[in-house]
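Just so you know, these numbers use all the heavy atoms, side chains as well, and skip hydrogens, waters and symmetry mates. One-based numbering, in listed order, for ligands and for the atoms of each.
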Amino acid sequence: MVNETDQKNDTMDKKGITRRKFILGTIIVAILGAFGSLLSLLKVLSPSKKGSGYVSTIDPGDVLVYATGSKIGMEIKASSLDTGDAELVYPKGKSSNPANLVQLIKLSESNFKTPTDIKLTDKGFVAYSAICTHLGCTVSWVKNQSSPDASYTECFCHNSIFNPSRGDLVEGGPAPIPLAQIGVKVNNDDTLAFTGNFTGPIGPQV
Ligand code: FES
């Protein structure tokens, strides 16, 4: 027969087990919470992954259109650019993908040197990704009025400089690699079209 004292002890034991389970559960939840916070912090502190999110959808034959200015969305004409000029362009109908942003440049044909892929140029037109390979800012064009072929591309976020007549090699600043070239050709109707996709990685590479 179970007396009253035994019953009391039994109840107290069960309460002790329940309390221990509760404390253990609380500790596990706290550890998991701290681990989650640490992961979140590491994610924030980490630099952007190489090329993360930058996947171009440009196809051969896509026509180039203005990406900025009053003519945005309109087809660009080859005859509208003089030597030393450049425009930011998109493939027609594909402007919603920022990875498709390209800088179209007009230089003297005789000015191109390696590693520019001459086969991917036409009538002095050459094109490169407009997304800086450092941290992904859009690059700008710096025109040299007195010597148009000496014009160059610069990213004003951290002052990386690229040489468009030499495959957009990095000539200054923190950008780790050149801006990738992409083939262009002049069509019979004076519009321009892409002839393929980028020859190298695009987007941030650090
Ligand atoms: S993002 Fe272009 S130089 Fe830093």
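Considering just the N/O/S atoms of His134, the one nearest atom 4 (Fe) of ligand 1 carries the name ND1. The atom of His158 that is an N, O or S and sits closest to atom 4 (Fe) of ligand 1 is ND1.
What you find for Leu192 and Asn187 is that their closest heavy atoms are C-ND2, 3.9 Å.
For the pair Lys92 and Asp62, the minimum side-chain heavy-atom distance is 4.5 Å or more.
At the shortest separation from atom 3 (S) of ligand 1 among protein heavy atoms lies Ser160 OG, 3.2 Å. Scanning the protein for heavy atoms near atom 1 (S) of ligand 1, the closest one is Leu135 N, 3.3 Å.
Of the residues Leu64, Val65, Asp190, the one that meets the side-chain contact (heavy atoms from CB on, under 4.5 Å) test with Ile76 is Leu64.
Distances from atom 2 (Fe) of ligand 1 show that Cys137 has no N/O/S atom below 2.8 Å. Here Cys132 meets the criterion, with an N, O or S atom under 2.8 Å of atom 2 (Fe) of ligand 1.
With salt bridges taken as basic N to acidic carboxylate O contacts below 4.0 Å, none links Lys123 and Glu109.
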- request: Could you give me the CA-CA distance, side-chain angles and deciding distance for Asn159 and Glu154, then say whether side-chain contact (heavy atoms from CB on, under 4.5 Å) is met?
  value: CA-CA 6 Å; Asn159 303 110; Glu154 181 163 0; 3.1 Å; yes
